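Each chain gets a letter, A, B and so on, in the order its sequence line appears, and its residues count up from 1. We use all heavy atoms of the structure for the numbers below, so side chains are in, but hydrogens, waters and symmetry mates are not. Owing to the predicted nature of the structure, the values given are computational and were not obtained by experimental measurement.
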Amino acid sequence: MPAAPEADTPPHRYDADLAADIESRWQARWEASGAYETPNPAGELSRGRDAAGPKLFVMDMFPYPSGSGLHVGHPLGYIATDVYVRFKRMCGFNVLYTMGFDAFGLPAEEHARQTGQHPRINTEANIDNMRRQLDRLGLGHDKRRGIATTDVDYYRWTQWIFLQIFNSWFDPEARRARPIAELIDEFSSGARPAPDGRSWEQLGEAEQREVVDSHRLAYVADAPVNWCPALGTVLANEEVTNEGRSERGNHEVFKRPLKQWMMRITAYADRLLEDLDRLDWPESVKTMQRNWIGRSEGALISFPAAKTLPGPLHTIDVFTTRPDTLFGTTYMVLAPEHPLVDELTADGWPDGTPESWTGGAATPAEAVAAYRARAAELSDADRGDSKTGVYLGALAFVPFTAPDREDLIAELSPGHFTGTGELADFTLPTHDASDGNGQQGTSSQPWPEGRGERTVDIGVPVFIGDYVLMGYGTGAVMGVPGEDQRDREFAEAYGLPVIRTVQPPPDHPADLAYTGDGPSINSHFLDGLDVEASKALIVERLGESGFGRPTVNYRMRDWLFSRQRYWGEPIPIMFDDLGPVALPVDMLPLELPKLTDWAPRALARDSEPEPPLGRVTEWLDVELDLGAGRRHYRRELNTMPQWAGSCWYYLRYLDPRNDDALVDPEVERYWMADPDPGGVGGVDLYVGGVEHAVLHLLYARFWHKVLYDLGHVSGPEPFKRLVNQGYIQAYAFKDSRGVYVPAEEVEGSLEKGFSHGDEPVSRELGKMGKSLKNSVTPDDMYASYGADTLRLYEMFMGPIDQDRPWETRSVVGSQRVLQRVWRNVVDEETGELRVSDAAPDDDLLRLLHRTIDGVRSDMEGMRFNTAIAKLTELNNELTRRGTGAPRDVAEVLVRMLAPLVPHFAEELWHRLHGDGAGSVTQVEFPAADPALLVTDTVEVPVQVNGKLRGRVTIAADADDETAVAAALAEPNVAAHVGGRELRKQLYVPGRMITLVV
RNA sequence: GCGGACGUGGCGGAAUCAGGCAGACGCGCUGGGUUUAGGUCCCAGUACCCACAAGGGUGUGGGGGUUCGAAUCCCCCCGUCCGCACCA
């Protein structure tokens, strides 16, 4: 509540009204003088303040202009960067600091849909509103550089980057992206053979296009995707929650195959992983990215399989991290969606098939159909813990003979494990070595070890089961119940044999899989070797025989890049009869067509996506001459995902109005260079929420690396240092029905209980926001206290990276601090200065310099809470002394406050120095005089037998003997020593005297 | 289950990086002052126990260890939060 003017309130007290007056006045002057404009080394923005001094690039994660306005939690990170930036500017750095808006994408569009207005109108109104709320905080942004991702001049370059990616391929030997033209040259010159061994000329145009397109970093694939009918669009894995619902709106999401644009981020998996080690990021975020990428080393093993013998053989490829346990395989499981399922489904149940394997169906085909239908109903998360599956009626064969093992299986299991057949016509696949997602061709290869003549083999049954996911590895596993607990549970459920292949310790429970180390057993030529050695040998043997090879598998999939939405960047691609064709770069921007009927439609689950751009018939079909004569093309109708614009906005801040390039290379080198030689470069400090740990931050790193490979940026990483600011939490209140009630209407206390009206309510701590009805708006804080008090309070609440509960009643503490500073400089009654011209005494001077020293290092380390505590301490000392502060001390204190409370400091600065003085934002930050940090005498605590017994004042350079003598002279110390002989004496200079008796 | 972060007064937190006076600074609370009153503002006190005091004892989730000395380092356990999760 704003302080009403009271008769007895001194007229010049620092209250909300005075703060509002000061804040608006200085904001206008700063704006007029371009106080925060930072010059570039070249180009249009090279005018500005003096650019001497090292560069620093500090950035916040830019916001979505959502339209519902800010609460006090939103600007926490912005205030922190602003304080840091102001401090570094005062330390002589040339700091780039600005703010843009991430305005494309689902949130803006969903909001527009609710209000019924066109997204552009909505978005621009929201941006204006957010700018106003943020400006009121006094953030020192270079406003010339602010962009919105929806600006045509901006998304023109987003489209340009898309074309760079489309026109590139990943060369696995060079481990980097190269222009697609170089690949075409290699094919046509014969330096690189065509995939099937034919010469390039022998391939038709269609085949050539297909081969080239299959190498591009941006490509169209018909792949299982996350289809969200309610939103009318597909979503990236990253946008789907664990519960299988959309991150936005919490709608149901279904897996289904659709033709979509993909980006080959998997090609960069290893580099994204390796370079994490070179980043100054929170360990938690690095860990999340590592887990997301999910690199695991193992082997790909091929199992021959057949539904009848004799009969055609198929190959089940399996990824395993434990190839050493191969001989423990007693069954196989395919994911229900696995493409081989149909081929391996037998016509009828083999003799002796147990009832439990059939799912109660009359034939394997019926069992499969029923099981698949059930699995499709369930999202990955709903599949539950119990292991289920049905038998296909087929057998698979471990690719090595192992007579002992076969005897063992024969002994453990009923007759249906034995198949008889002629294996000579088995066809082995050849795998190309490019990557885990590479295509595979087939070619004939002989069955090793002369097995073509064998007519009897021990097969293992092949199941489908939903504990095997199509989205990981090859979608098939070898069932090894001895060494894998999930396989063990499946084996238990279906009565499958268990063969241990690693000797467990004696105390290992017999009913659990053993995953630890130990000697191999029941494993033929591996027996006796430990796990590592067994892995090495089996992989070697598999390689020799052609049945397997070492491989690296990743959890991460390629990035699904297209959305069936209106409010996004149009993808600058056209299609002719043979496939996608890039729009020439000189035809950019490809503007989003004006459309009145832009709203997405909620669709039925199995309907086809309907991109809204498909409604623009005159835009859809174009005739162009791209060099091969005038031809007809159909435009791509999908738009880019929300993440596209945020993948590179930091680069556009550098050079926002450049029409010739996304950024001038000289400007890019200046701002993105790493201060440390050999560093990765990039934004020097990036502050934002941890919720972007794997989405935005992974995509942006990927794009940056592609741009780096293609020579458009000078370093391999976009963000050198990352800080995650904590969330501001707030108490929320629920009534007896569990419904949230507005927090500001709740009365009571922890002791007395809380109530809303007459009804008792319960309290909980949660993220501030609309859903918990516990928002506090910055506008309320401006009205009650002013922006500087809000800034000071938010910085004082705790370490920047920590969550903290909001307490409106505590804000007044920060206002009192400023009031006390104000009172030490300005007379509240008259408004006159009340500083004294007397020189500060020695004690005060020493305290001042200790404060300077501490505040400087706290600011540097972004420990603003402790910096504020130290400044408060100094000011409390001034208050204790009464009589107004010595002018020299007040002047230094004001300079130290300037980064935290810039308007307040600017006002006092001008009162101290007269109106001719320059801005406090551009003076130097105080530096401590080292001579004043050391003292002649020090007060040192004394411990006797580990307990504090007194303190003595001694010369700062006193030696051991002197210190101990002084300690013994202290009565309480002497009493505790009690005349006994010292067994030990120790003096840590300036810190502690320790005596042991 | 795996991985990460963390645990200090009534509350937010400081001291943890580098072992050396635990509780800086602020909120709240208690008492006092200013004020017609309330509020604002100012001053003093405020970890807990004993004591008028001087002082003494206890104390940083629990247990153990290293050390002259541990909130800090090491081991085990408990608890909270976050991320991932049938990952083969």
Measuring centre to centre across the rings, with the benzene-like ring taken for any Trp, is A:Phe490 within less than 6.0 Å of A:Tyr331?
yes

Does A:Glu489 form a salt bridge (charged side-chain N to carboxylate O under 4.0 Å, His left out) with A:Arg486? I'd like the steps, not just the answer.
CA-CA 5 Å; A:Glu489 287 163 23; A:Arg486 291 155 306 171; over 6 Å; no

Does B:G26 have its OP1 or OP2 closer than 4.0 Å to a side-chain nitrogen or oxygen of A:Arg820?
yes

Cation-pi geometry met for A:Lys767 and A:Tyr727 (6.0 Å, 45°)
yes

Find which nucleotide of RNA chain B each of A:Arg991 and A:Ser296 is nearest to by heavy atoms, and output the residue with the more 5' nucleotide.
A:Arg991

Run the ring-centre check on A:Tyr793 versus A:Tyr785 and record whether the distance is less than 6.0 Å.
no

Kindly indicate whether a cation-pi arrangement holds for A:Arg555 with A:Trp292, taking the cut-offs as under 6.0 Å to the six-membered ring centre and within 45° of the axis.
yes

Applying a 3.5 Å limit to both distances, which nucleotide forms a Watson-Crick or G-U wobble pair with B:G79?
B:C6

Below 4.5 Å, heavy atoms only, C-beta onward: do A:Trp806 and A:Tyr731 meet side chain to side chain?
no

Phosphate OP1/OP2 of B:C41: any A:Gln819 side-chain N/O under 4.0 Å:
yes

Distance criterion of 3.5 Å, no angle test: do you see the side chain of A:Lys870 paired donor-to-acceptor with the base of B:C25?
no

Could you go through nucleotides 1-8 of chain B and list every protein N or O atom that sits under 3.5 Å from one of its N or O atoms, giving the distance for each pair?
none

Check this for me: does the side-chain of A:Thr866 come within 3.5 Å of the base of B:G13 through a donor and an acceptor?
no

For A:Asn865 and B:C25, is the shortest distance between a side-chain N/O and OP1 or OP2 below 4.0 Å?
no

According to the Watson-Crick and G-U wobble definitions, with both distances under 3.5 Å, which nucleotide is paired to B:U30?
B:A44

Using heavy atoms to find the nearest nucleotide of RNA chain B for A:Arg816 and A:Val988 separately, return the residue whose nucleotide is more 5′.
A:Val988

